[in-house]
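All values derive from a computational prediction rather than experimental measurement. Side chains included, hydrogens not; waters and symmetry mates left out as well; all remaining heavy atoms used.
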Amino acid sequence: MDGFLDETCEGVTELRVHGVAGTPPEATLNHPHPRQVAGDGVTGFHRRWWPGGRPSGSDADVPEERRREAYAWGGLTSGGRTVALWLPLLPFSLANLSYFMLPRPPRGARLRHVTEAAQRLFALLLTGTLVGAVTRAAVDLVGWQCTAAGGPCTRDATPGWLHWLGALWGDEPSKRLAVTALAPLLVVVLLWWLGRRTWERDERTPIPPGAAPRTGLPLARPRLWHGGAPVWRLRVVHVAFAIASIGLAVSAPFAGSPQGLALTVANAAVQVAAAVLVLLPWIARRLDPGERVPSWLTYACRGLGVAAPLVFAATIVLALAGLGTGAPGRRLPGAELGAFQFALMAGVGLFILLAGFVLARMDSPAEQPALGGLAGWFALMIAAGAANVLGLGLLFWTATYLGGPDRGIVLDDPLWWTAALVPLLLLGLLAVAVVLRLIYQAETSRLAPRLAHHYGQRHSGTVAGMWALAALTDRAGLVPAVLTGAGVAGFGAVAVIHHFHVLAPAGGLARLLAGTGSWALATVVAGLVLLGRRTYTDPRLRRTIGILWDVSTFWPRAVHPLGPPCYTERVVPELIDRVGRLARTDRDQVILSGHSQGSVIAAALVLQLDPELRRRVGLLTHGSPLRRLYAAFFPAYFGTPALAAVRDAVRWHNLYRLSDPIGGPVFRRVDPLGEGPCGDDGVDRFCWDPPRPRPGQPLPEALRHSDYWLDPAYDEALDRLIRVKR
C-alpha cells in the first residue's frame, strides 16, 4: 500500500473511544483517511493513513514513538439492519436498566437478592404482556371472534387471507385458534433468534486472562462482563414461558373436555416451572471466569426448553384435529388469566417499590441519587407502561382493521379505560414542558448579568440561554416522576372503576378520552412499523436510532435476556486485549481518550485492567456523563467510591463545558463566574464555550457536546498525561 501507516505499538498511543451515534473513524481521528489495523467488520481499531508518505510535525504519527488510534464500536448498536427490529424491545431494555439502578447497601444483601428475584419475575411478566398482546390480537380477535360462523371475517368483502379461515372452519374454533396461534409463535421465534444471534456475537466474548483482581466495587468485577451462561438460561426460561402462554390461549377455551383440560394443565405447568426457575438466585448469577453453577440448574433449563415446544406442538396438533365447540361467549374464554397476570405484575411492582425504598434508606451514598434512590422502580414502571402502550396499540389497530365494535369486534372495558389514560399522560408531559420552560427562563435571567463581564451585554443573554438549556439535564428525573405518577394513579383509578362498575367508557367525556387514546395507541404502532421500515433501509436513521441503544445497552442483560444486546460485554474484553498489546513495557503508554459514552466505557475499562498495566495508562475524558447521569442513576456502580477508584488507579483529566447538555464535571464543579479557582488542578478542567470574543467581534460558534479534541485545553491535558518522553 502506498502512503504511510504507522503499524507499530511501542511508545505513546492516544486511543480514542467515541460516543453515541456510531461516530465514524475519520471523525474520531480528525483525519480523512483512516485504515483499520485490528478488529473486524463490526468493531475495529483504526489509525491515520497518510497518502503523501511519512508526515512531519508535532501532530503526525511517528513509529515507535507516538500515534493516534481510534476504536470504533458503533457497529454493535447502529451498524446492522437488525437494529430496526430492536424498536419494540425498549420495555425489555428498561427492565435491564432497572436492575443496575437498584441500591446495593452492604447491610441489605438478603433483601436485595429477593428484590432482584422480583425484578426477574417482573421481566418475565413483561414478556408475557407483549406476547400476550400479539396472541390476543391473532387468536382472540381474528381466530375466535372475526372468523367465527357469522362473524365479520366470513363476509364476502373480507380479504381472502382471512375469509378462508371462517369459510372452512367457522364452526370449529379449535382449528381456527391453532392456525392463528402461528402468528404469535412467529414473534417468539423472532425474539429467540435475535437473542441467540446477539448472544453469540457479544455475550460469549471471553474476558482476557490477567484482568483486575477481585474487589468490593461492582464495576471492577470481571463477572459484570461475563454473561454468556446466565443470559442463555434466562432466554430459555422466557421463550418457554412465552410459548406456553400461546398454548394456553388455544387450549383454555376447551378446558371442559378431557383433552383440552390436559393441554391447559400442561401449558400452565410450563409457565409455573418457568416462573419458579426465574426466581432462583443462581439462574441469573454472573460468575467470574472459571466458576460454575450447579449442574442440575443447567439440566432443568434444558428440560424446560424441550418440554415447552413439545407441549405446544401437542396443543396445535390436537387443536387441528378438533377439540369441540369450546366454551360459549363472544370473548375468548380464559381472559381471567390475563387479569391474574396483570394483578401479579402490580403486586410485584408494589413489592419492588417498598423494597427499593428500604434499600435506599439503608444506603448512604456520598451524593443524593436520582429520584430518591427509586430510579430502578421508575424504570420498571415506564417499561410496563411502554409494553402496555405497544400491546394496546396492536389490539386497537387490529380491531380497527377488522371493523371495530360496529362489526362485532369486542374489546374489554379495562382496555378502553386504559386507552383513556393516554390523553391524560400527554397533558402531564405538557405540564412538565411548561415547568421546564419556567426553570429555563429563571436560570437564563440569573446567568445573563453575571456573564456580561465575560461576553459583554450584547452576547450575555445568548450564552446564558445556552448554559441554562444545558442545565435542564439535571432535572431529568422530573419527566419519569410525572409520567409514572400519572400512570400509576390512572391505572389505580381504572381498576377501581372497573371492579365496582362505577361507569362504562361508552359516553360523554369518558368515551371521548377512550376514543382519542385508542387512535393514539394505534397510531403509535403504525408509526413504529413505518419507522422500523425506514430504519432498515436508511443508514443515517440507523445511526440516529442507535443513540437510544448506545445509552441503554451499555448494561448487560441481567434480568431480561430478550432485550437489545449489551455491547460492553464485547467492547471491554477487546479493549483490555488492545491496551495490553499497546502498553507491554514501561517504555510504552496508552492514553485512553473517551468522549461522552466513550468516557463511561473507558472508566469501566480502567477498573478491569491489571494493576501493573494501569501504571502505563492515562485517562482523558470529555463531554462525560459519568457524574451527571451515571452516578445519579447508577450510584452502586458509578458512585463516588467507583469514580475515586478510577482516579486512584490512573492519572485522569476531565474536560467539560457548561454549554454541554450531557457532559459535566466528575468530582468538582468549578464556578467560572465566582472568585474561586478556575479548575486548572485536579481531575476536572472547565472549558469556555463559546469562546469569549474579542471586543467588537461576533460571538464564536458554540461546540456544546462535540469536538472537544479541537479545544486547546485537550492538547494541554493530553501533554500533561504523557509520562513517556522520547
Student check: side-chain heavy atoms of Leu94 and Ser552 closer than 4.5 Å: no

With rounding to the nearest 0.5 angstrom, report the OH to CG distance, Tyr637 to Leu102. 9.0 Å

Please answer whether the main-chain N or O of Thr621 pairs with a side-chain N or O of Ser624 as donor and acceptor at a distance below 3.5 Å. no

Evaluate the criterion side chain to side chain contact (heavy atoms under 4.5 Å, CB included) for residue pair Val571 and Leu575; output intermediate values, then yes/no. CA-CA 6 Å; Val571 166; Leu575 283 172; 3.7 Å; yes

Please check: side-chain N/O of Asp684 versus main-chain N/O of Pro665, any donor-acceptor pairing under 3.5 Å? no

Closest non-hydrogen atom pair, Ala642 against Leu219: CB-CD2, 4.5 Å

Over 60° means perpendicular and under 30° means parallel, so tell me whether Trp652 and Phe667 are parallel, tilted or perpendicular. perpendicular

Could you walk me through whether Met101 and Phe378 pass side chain to side chain contact (heavy atoms under 4.5 Å, CB included), step by step? CA-CA 10 Å; Met101 293 177 177; Phe378 281 95; over 6 Å; no

Can you see whether Tyr656 has Arg685 sitting over its ring - NZ or CZ less than 6.0 Å from the centre and within 45° of the normal? no

Scanning both residues in full, the closest heavy-atom pair of Thr553 with Pro565 reads CB-O, 3.1 Å

Under a 3.5 Å distance rule, please check whether Asn654 uses its side chain to pair with a backbone N or O of Val683 as donor and acceptor. no

Do the rings of His31 and His33 sit parallel, tilted or perpendicular, given the 30° and 60° boundaries? perpendicular

Any donor-acceptor N/O pair, Asp363 side chain to Leu359 backbone, under 3.5 Å: no

Can you find a heavy atom in the side chain of Val600 that is under 4.5 Å from one in the side chain of Phe638? yes

Between atom OH of Tyr714 and atom OH of Tyr708, what is the distance when rounded to the nearest 0.5 Å? 12.5 Å

Applying side chain to side chain contact (heavy atoms under 4.5 Å, CB included), run through Thr13 and Ile591 and close with a yes or a no. CA-CA 6 Å; Thr13 304; Ile591 307 298; over 6 Å; no

Does any pair with a residue in residues 426-447 pass side chain to side chain donor-acceptor pair (under 3.5 Å), and if so which ones, sequence neighbours excluded? Glu443-Arg446

ring-ring contact (aromatic ring centres under 6.0 Å, His included) between Trp555 and Tyr99: does it pass, once the steps are laid out? CA-CA 9 Å; Trp555 296 104; Tyr99 172 86; 9.2 Å; no

Minimum heavy-atom distance Ala631-Leu643, with the two atoms named: CB-CD1, 4.5 Å

Set of residues satisfying salt bridge (charged side-chain N to carboxylate O under 4.0 Å, His left out) with respect to Arg570, sequence neighbours excluded: Asp40, Glu574

List the steps and the verdict of side chain to side chain contact (heavy atoms under 4.5 Å, CB included) for Leu592 and Val579. CA-CA 9 Å; Leu592 289 169; Val579 171; 4.2 Å; yes

Keeping Arg66 on the side-chain end and Ala60 on the backbone end, is there a donor-acceptor pair under 3.5 Å? yes

Here the gap from Arg704 atom CZ to Glu701 atom CD, rounded to the nearest 0.5 Å, amounts to 9.0 Å

Measure the spacing between CG of Leu15 and CG of Leu605 and express it to the nearest 0.5 Å. 8.5 Å

Would you say the side-chain atoms of Arg614 pair up with the backbone N or O of Leu609, donor to acceptor, closer than 3.5 Å? yes

For the side chain of Arg627 and the backbone of Val666, is there at least one donor-acceptor N/O pair under 3.5 Å apart? yes

Could you tell me whether the side chain of Val463 reaches within less than 4.5 Å of the side chain of Leu699, counting heavy atoms only? yes

Using every non-hydrogen atom in the two residues, find where His46 and Pro34 come nearest and quote the distance to one decimal. CB-CB, 4.4 Å

Would you call Gln597 and His18 a side-chain contact if the rule is heavy atoms closer than 4.5 Å? no

Show me, pair by pair, the donor-acceptor contacts under 3.5 angstrom made by side chains of residues 464-485, not counting sequence neighbours?
residue : atom : partner : partner atom : Å
Trp467  : NE1  : Asp689  : O            : 3.0
Thr473  : OG1  : Ala470  : O            : 3.3
Thr473  : OG1  : Pro661  : O            : 2.4
Asp474  : OD1  : Arg628  : NE           : 3.0
Thr484  : OG1  : Pro480  : O            : 2.7

Is there side-chain contact between Leu76 and Val42, with heavy atoms separated by less than 4.5 Å? yes

So how far is it from Arg651 CZ to Leu620 CG, rounded to the nearest 0.5 Å? 11.5 Å

Using the salt bridge (Lys or Arg N to Asp or Glu O under 4.0 Å) rule, pick out the option among Glu26, Glu14, Glu69 that qualifies with Arg47. Glu69

Ring centers of Tyr71, Phe45 separated by less than 6.0 Å: yes

Could you tell me how the ring of Phe554 sits relative to the ring of Tyr630: parallel (under 30°), tilted (30 to 60°) or perpendicular (over 60°)? perpendicular

Is the centre of the His595 ring less than 6.0 Å from the centre of the His622 ring? yes

Is the number of heavy atoms from other residues, nucleotides or ligands under 6.0 Å of His453 NE2 greater than 12? no

Which heavy atom in Ala448 sits nearest to a heavy atom in Ser460, and how many Å separate them? O-CB, 3.5 Å

Pairwise side-chain contact, Arg68 with Asp59, heavy-atom cut-off 4.5 Å (strictly under): yes

Closest approach of Ser98 and Ala379, non-hydrogen atoms and distance? CB-CB, 4.0 Å

Here's one to test your reading of the geometry: is the NZ or CZ of Arg361 within 45 degrees of the ring axis of Phe357 and under 6.0 Å from its centre? yes

State, with a plain yes or no, whether a side-chain heavy atom of Phe633 is found less than 4.5 Å away from one of Leu97. no

Can you check whether Pro24's main-chain N or O pairs, donor with acceptor, with Thr28's side chain at less than 3.5 Å? yes

Between Arg48 and Asp61, is there a salt bridge with N-O shorter than 4.0 Å? yes

Value for OG (Ser596) from CD1 (Ile601), rounded to nearest 0.5 Å, stands at 9.5 Å

On the six-membered ring of Tyr455, is Arg692 placed so that its NZ or CZ lies under 6.0 angstrom from the centre and within 45° of the ring axis? no

Under 4.5 Å between any side-chain heavy atoms of Arg657 and Leu703, yes or no? yes

I'd like to know if the side chain of Asp660 reaches the main chain of Gly663, judged simply by a donor and an acceptor atom lying under 3.5 Å from each other, with no hydrogens or angles considered. yes

